[in-house]
**Student:** 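My structure is below; once you've seen it, I'll send some questions.
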Amino acid sequence: MTLTLHNTMTRTKELFVPGDPNRVTMYVCGPTVYSRPHIGNARPALVFDVLFRLLRTLYGEDHVIYARNITDIDDKINAAAKESGRPIGDITSEFADNYRADLGALGVLPPTIEPHATAHVGEIIAMIEALISSGHAYEAEGHALFSVSAFDDYGKFSNRNRDDMIAGARVDIAPYKKDPADFVLWKPSSDDLPGWDSPWGRGRPGWHIECSAMIEKHLGETIDIHGGGHDLIFPHHENEIAQSRCSHSGADLARVWMHNGFLTMDKDKMSKSTGNIITVHELSQDHAGETIRLAMLSAHYRQPLDWSDDLLSQAKSTLDRFYGTLDNLSDVDVPAGATPSDTFMSSLTNDLNTPKALAKLSALCKAANKVDDNDERARLKGELLTSGAVLGLLQDDPSSWLKGGVNDDDAEIDALIEARTAARANKDFAESDRIRDELAARNITLEDGPDGTKWRRDS
RNA sequence: GGCCGAGUGGCAGAGUGGUGAUGCAGCGGACUGCAAAUCCGUGUACGUCGGUUCGAUUCCGGCCUCGGCCUCCA
């Protein structure tokens, strides 16, 4: 099956052809670790987790290398350390741990490698030195700066020209820059800030160079897929391309560039400065990780998505339906060698069309609910579970999902249902309905079927 | 001002030059002691004004509205 991906470089969907199908490489810009990730931060992690799972399905689990970095050098981290009086390393390790835990709760697989900027300062310095000696960068007042005029294609990726950039500049232009568009590779650190010795004095890397250096070290000169949020196209990825191509005789940095769209919160911009955010951790208190995950995948990754309580409750009822079907299939076993359905895969391999793929899961459920033949039911169960796995969904125990996990009152609920069953057997419907109302008041919904009464917990 | 993206039925959200995805909600029916779940049926949707076309929601152009980016900020 072929995979088609939208490439930001060409602004079109293209057939994906990796450089080496035995070593498919993907790099995604990860977090700067100074605060808990909010739900907007989770979108790229989730989107590229689905792509990671899809690539592993298509090329084999051992043939995909996915790197997602941790940025642990940054002025916001420095500011957070200063404000709290805590050592920088404490802060970065705490929030890196939070990031892994919060996203792990959403079913995000750990990447193959998770390079840290502070562990690659040597490689960063070496890359800057190479850029200076080849004439693509220069030193000025303790800084090392990339010279955009030395790279003809600068601006091509984000489709902007020099004049526009200068006209729109929101920031004062530093006097030591030869060209206003030049950007920092290395900057000096005062004594109270983290710093490393370098040919240009004690300092720290600029923002963009770490990705270029870590990609080169772990994945190579030209990687298959580079991803991140839409806001990173300029300047971050434009600058990464400039640094990397000038270090590698013009070789492309990535074959495919992918960018996810942004989230809004109840129709307003999601922004830390206005406080209009919600963290993954907060959401996880009230919603299952899988509900949050499905909510995120209910829109195509390049489209804007409005995050709301309504979106979450829709995701919850969709999952209840899926798990309800699986629960009804509990009497049949998944056949050996089960694979995702073709129509599901053709949706997902079409530039990660998760909404369409989810519609295919609905179709599988409908088919499974209708059919009587057990071989066919088993086959559909296999397709449903293996398809769900590519999205990172439906791997929970259906009964456990519907009952909201294991709770203290489970035995009591079972006892009440038993009493109701006895009442029904005696045609004492007043009593049986009383018990059902009592349970309903506790958000327990009953379903009487030929094999007895099932129950589920609605939130 | 420049660049990019978006406007689809009550809601969410795909897609397509010509038989109105999918889910939720609603309505009718089957099933049920009654429900629930499930199944069946049910909707004159594509911002606006023009153009191309036998035919446009889909292509082209203008306009309106909204969002993002425009260098050390992630």
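Letters go in sequence order (proteins before strands), and every chain restarts at 1. In this text the structure is predicted, and so the values were computed from the model without any measurement.
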**Student:** Both distances under 3.5 Å, Watson-Crick or G-U wobble: report the partner of G43(B), or none.
**Tutor:**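 Across all strands, not a single nucleotide pairs with G43(B).
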**Student:** I'd like the P distance from C66(B) over to U8(B), given in whole Å.
**Tutor:**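 Pairwise P distance, U8(B) against C66(B), rounds to 15 Å.
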**Student:** Is the closest basic N to carboxylate O distance between D102(A) and R36(A) below 4.0 Å?
**Tutor:**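 Yes, this pair counts.
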**Student:** Please report the distance separating the P of G9(B) from the corresponding atom of C4(B), rounded so that it comes out in whole Å.
**Tutor:**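 Each nucleotide's P atom is 27 Å from the other's.
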**Student:** In terms of side-chain heavy atoms of R456(A), which of A36(B), C11(B), A74(B) is nearest?
**Tutor:**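 Nearest to the side chain of R456(A) among the choices is A36(B).
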**Student:** To the nearest angstrom, how far is L352(A) atom CG from A14(B) atom P?
**Tutor:**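 Computing the L352(A):CG to A14(B):P distance gives 13 Å.
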**Student:** From CG of D231(A) over to C1' of U71(B), roughly how many Å is that when rounded to an integer?
**Tutor:**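 In whole Å, U71(B) C1' lies 14 Å from D231(A) CG.
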**Student:** Nearest whole Å is fine: how far is C39(B) P from E447(A) CD?
**Tutor:**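 Answer to the nearest Å: 12 Å.
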**Student:** Please determine whether a side-chain nitrogen or oxygen atom of K360(A) lies at a distance below 4.0 Å from atom OP1 or OP2 of A21(B).
**Tutor:**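 No.
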**Student:** Quick check: closest heavy atoms across G135(A) and A150(A), and the distance to 0.1 Å?
**Tutor:**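 The pair with the smallest heavy-atom distance is O-CB, 3.7 Å.
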**Student:** Between the base of C34(B) and the side chain of D448(A), is one N or O donor paired with an acceptor at under 3.5 angstrom?
**Tutor:**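 When only heavy-atom distances are counted, D448(A) does reach the base of C34(B) through a donor-acceptor pair under 3.5 Å.
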**Student:** Considering only the C1' atoms, how many Å lie between A25(B) and C69(B), rounded to the nearest integer?
**Tutor:**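 Looking at atom C1' only, A25(B) and C69(B) are 38 Å apart.
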**Student:** In Watson-Crick or G-U wobble terms, both distances under 3.5 Å, what is the partner of G1(B)?
**Tutor:**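 Base-paired to C70(B).
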**Student:** Among G33(B), A74(B), A12(B), find the nucleotide with the atom closest to the side chain of W207(A).
**Tutor:**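 Ranking G33(B), A74(B), A12(B) by closest atom to the W207(A) side chain puts A74(B) first.
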**Student:** Taking the side chain of P355(A) as its heavy atoms from C-beta onward, which of C3(B), G13(B), A74(B) lies nearest to it?
**Tutor:**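 It is G13(B).
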**Student:** Taking atom C1' in both G47(B) and G5(B), what distance in whole Å separates the two?
**Tutor:**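 So the two C1' atoms sit 16 Å from each other.
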**Student:** With a 4.0 Å cut-off on heavy atoms, is D182(A) in touch with a base, just the backbone sugar-phosphate, or nothing at all?
**Tutor:**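 The residue D182(A) makes base contact.
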**Student:** Name the residue closer to the 5' end of RNA chain B, choosing between I77(A) and K370(A) according to the nucleotide with the nearest heavy atom.
**Tutor:**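 Going by which nucleotide is closer to the 5' end, it is K370(A).
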**Student:** Across the strands shown, which category fits N369(A) at heavy-atom distances under 4.0 angstrom: base, sugar-phosphate, nothing?
**Tutor:**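 The residue N369(A) makes sugar-phosphate contact but no base contact.
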**Student:** P235(A) side chain: which of C73(B), C39(B), G33(B) is closest?
**Tutor:**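 Output: C73(B).
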**Student:** For F16(A), run the side chain to side chain contact (heavy atoms under 4.5 Å, CB included) check against T349(A), D351(A), N7(A), L5(A) and tell me which one passes.
**Tutor:**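 Only one option passes, and that is L5(A).
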**Student:** Describe the nucleic acid contact of L446(A) in one word from base, sugar-phosphate, nothing, applying a heavy-atom distance below 4.0 Å.
**Tutor:**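 Here L446(A) touches the bases of the nucleic acid.
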**Student:** Quick one: do R245(A) and D152(A) make a salt bridge, cutoff under 4.0 Å?
**Tutor:**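 No, this pair does not count.
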**Student:** So how far is it from L185(A) CG to H143(A) NE2, rounded to the nearest 0.5 Å?
**Tutor:**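 The distance works out to 11.0 Å.
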**Student:** Any Lys/Arg nitrogen of R434(A) or E431(A) sitting under 4.0 Å from an Asp/Glu carboxylate oxygen of the other?
**Tutor:**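 Looking at E431(A) together with R434(A), the answer is yes, because their closest N to O distance falls below 4.0 Å.
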**Student:** So which nucleotide does C59(B) pair with, by the Watson-Crick or G-U wobble rule with both distances under 3.5 Å?
**Tutor:**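 When the pairing criteria are applied, G51(B) turns out to be the nucleotide that pairs with C59(B).
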**Student:** Taking the six-membered ring of F234(A), is the NZ or CZ of R160(A) close enough (under 6.0 Å from the centre) and on axis enough (within 45°)?
**Tutor:**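 Yes, cation above the ring, under 6.0 Å and within 45°.
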**Student:** If I pick the C1' atom on C40(B) and the same atom on A56(B), what distance separates them, to the nearest angstrom?
**Tutor:**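 These two C1' atoms come out 34 Å apart once rounded.
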**Student:** Closer than 4.0 angstrom, basic N to acidic O: yes or no for K316(A) and D320(A)?
**Tutor:**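 Salt bridge: yes.
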**Student:** Counting side-chain heavy atoms from C-beta on, which of A12(B), C11(B), C4(B) comes nearest to L311(A)?
**Tutor:**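 Between A12(B), C11(B), C4(B), the one nearest the side chain of L311(A) would be A12(B).
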**Student:** If the P atom of U52(B) is compared with that of C39(B), how far apart are they to the nearest Å?
**Tutor:**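 My reading of the P atoms in U52(B) and C39(B) gives 48 Å.
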**Student:** Are D49(A) and R293(A) close enough for a salt bridge, meaning some N to O gap below 4.0 Å?
**Tutor:**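 A salt bridge is present here (some side-chain N lies under 4.0 Å from a carboxylate O).
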**Student:** Once you apply the 3.5 Å cut-off to both distances, tell me the Watson-Crick or G-U wobble partner of A37(B), or none.
**Tutor:**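 The answer is none; no pair meets the criterion.
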**Student:** For the P atoms, the ones on A21(B) and on U16(B), what distance do you get once it is rounded to whole angstrom?
**Tutor:**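 Their P atoms lie roughly 14 Å apart.
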**Student:** Of all the nucleotides listed (C4(B), C40(B), G13(B)), which has the minimum atom distance to the side chain of H230(A)?
**Tutor:**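 Selected nucleotide (nearest to the side chain): C4(B).
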**Student:** Report which part of the nucleic acid F183(A) touches: base, sugar-phosphate, or nothing (heavy-atom distance under 4.0 Å, all strands).
**Tutor:**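 The residue F183(A) makes base contact.
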**Student:** What pair of heavy atoms forms the shortest contact from P188(A) to R204(A), and how long is it?
**Tutor:**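 Taking P188(A) first and R204(A) second, the nearest heavy atoms are O-NH1, 3.0 Å.
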**Student:** Select base, sugar-phosphate, or nothing to describe what E238(A) touches, counting heavy atoms under 4.0 Å on all strands.
**Tutor:**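 Nothing, no nucleic acid heavy atom in range.
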**Student:** What is the distance, to the nearest angstrom, from the CD atom on Q314(A) to the C1' atom on G13(B)?
**Tutor:**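 After rounding, the reported distance stands at 9 Å.
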**Student:** Looking across every strand, which nucleic acid part, if any, lies under 4.0 Å from R204(A) by heavy atom: base, sugar-phosphate, or nothing?
**Tutor:**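 The answer is nothing, as R204(A) stays clear of every strand by at least 4.0 Å.
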**Student:** Output the single nucleotide from G33(B), A36(B), U22(B) whose closest atom is nearest the side chain of D433(A).
**Tutor:**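 Out of G33(B), A36(B), U22(B), the nucleotide with an atom closest to D433(A)'s side chain is G33(B).
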**Student:** Between C70(B), U22(B), G33(B), which nucleotide has the shortest distance from any of its atoms to the side chain of R420(A)?
**Tutor:**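 Nearest to the side-chain atoms of R420(A), counting from C-beta on, is G33(B).
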**Student:** In whole Å, I'd like the distance from the CG atom of N239(A) to the P atom of A74(B).
**Tutor:**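 In whole Å, A74(B) P and N239(A) CG are 14 Å from each other.
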**Student:** Of A363(A) and D306(A), whose closest RNA chain B nucleotide lies nearer the 5' terminus?
**Tutor:**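 Whichever sits nearer the 5' end wins; that is D306(A).
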**Student:** What's L297(A) touching, base or sugar-phosphate or nothing? Going by heavy atoms closer than 4.0 Å.
**Tutor:**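 The residue L297(A) makes no contact with any strand.
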**Student:** What is the separation between atom CZ on F146(A) and atom C1' on U71(B), rounded to the nearest whole Å?
**Tutor:**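 Computing the F146(A):CZ to U71(B):C1' distance gives 13 Å.
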**Student:** Looking for any heavy atom pair under 4.0 Å, which part of the strands does S347(A) touch: base, sugar-phosphate only, or nothing?
**Tutor:**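 If one applies the 4.0 Å heavy-atom cut-off, S347(A) turns out to touch nothing in the nucleic acid.
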**Student:** Is any N or O donor-acceptor pair between the side chain of N353(A) and the base of G15(B) shorter than 3.5 Å?
**Tutor:**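 Side chain to base: no pair present.
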**Student:** I want to verify a distance call: between G13(B), C34(B), C3(B), whose nearest atom is closest to the A299(A) side chain?
**Tutor:**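 Nearest to the side-chain atoms of A299(A), counting from C-beta on, is G13(B).
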**Student:** Using atom CG of N328(A) as one end and atom P of A37(B) as the other, report the distance to the nearest whole Å.
**Tutor:**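 My rounded result for the distance is 12 Å.
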**Student:** Looking only at atom P, what distance separates G2(B) and C59(B), rounded to whole Å?
**Tutor:**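 That atom pair is separated by 24 Å.
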**Student:** Answer with yes or no whether R321(A) presents, from its side chain, a donor or acceptor under 3.5 Å of a partner atom in the base of G23(B).
**Tutor:**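 Looking at the base of G23(B), it does not pair with any donor or acceptor on the side chain of R321(A) (distance under 3.5 Å).
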**Student:** Base, sugar-phosphate, or nothing: which does R436(A) touch, judged by heavy atoms less than 4.0 Å apart?
**Tutor:**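 If one applies the 4.0 Å heavy-atom cut-off, R436(A) turns out to touch a base.
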**Student:** What does U19(B) pair with, Watson-Crick or G-U, if both distances are under 3.5 Å?
**Tutor:**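 Across any shown strand, U19(B) pairs with none.
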**Student:** Would you mind reading off the distance between L361(A) atom CG and A21(B) atom P, rounded to a whole angstrom?
**Tutor:**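 The answer, rounded to whole Å, is 19 Å.
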**Student:** Can you tell me which nucleotide in C4(B), G23(B), A14(B) comes closest to the side chain of S362(A)?
**Tutor:**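 Ranking C4(B), G23(B), A14(B) by closest atom to the S362(A) side chain puts G23(B) first.
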**Student:** Under 4.0 Å between a side-chain N/O of K366(A) and OP1 or OP2 of G23(B), yes or no?
**Tutor:**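 Affirmative; the distance criterion is met.
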**Student:** Need one value for H236(A): base, sugar-phosphate or nothing, where a base atom within 4.0 Å counts as base even if backbone is also close, heavy atoms only.
**Tutor:**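 The answer is nothing, as H236(A) stays clear of every strand by at least 4.0 Å.
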**Student:** For a quick test of reading the model: is some side-chain N or O of K76(A) closer than 4.0 Å to OP1 or OP2 of A74(B)?
**Tutor:**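 So the side-chain polar atoms of K76(A) do come within 4.0 Å of the phosphate oxygens OP1 or OP2 of A74(B), strictly under.
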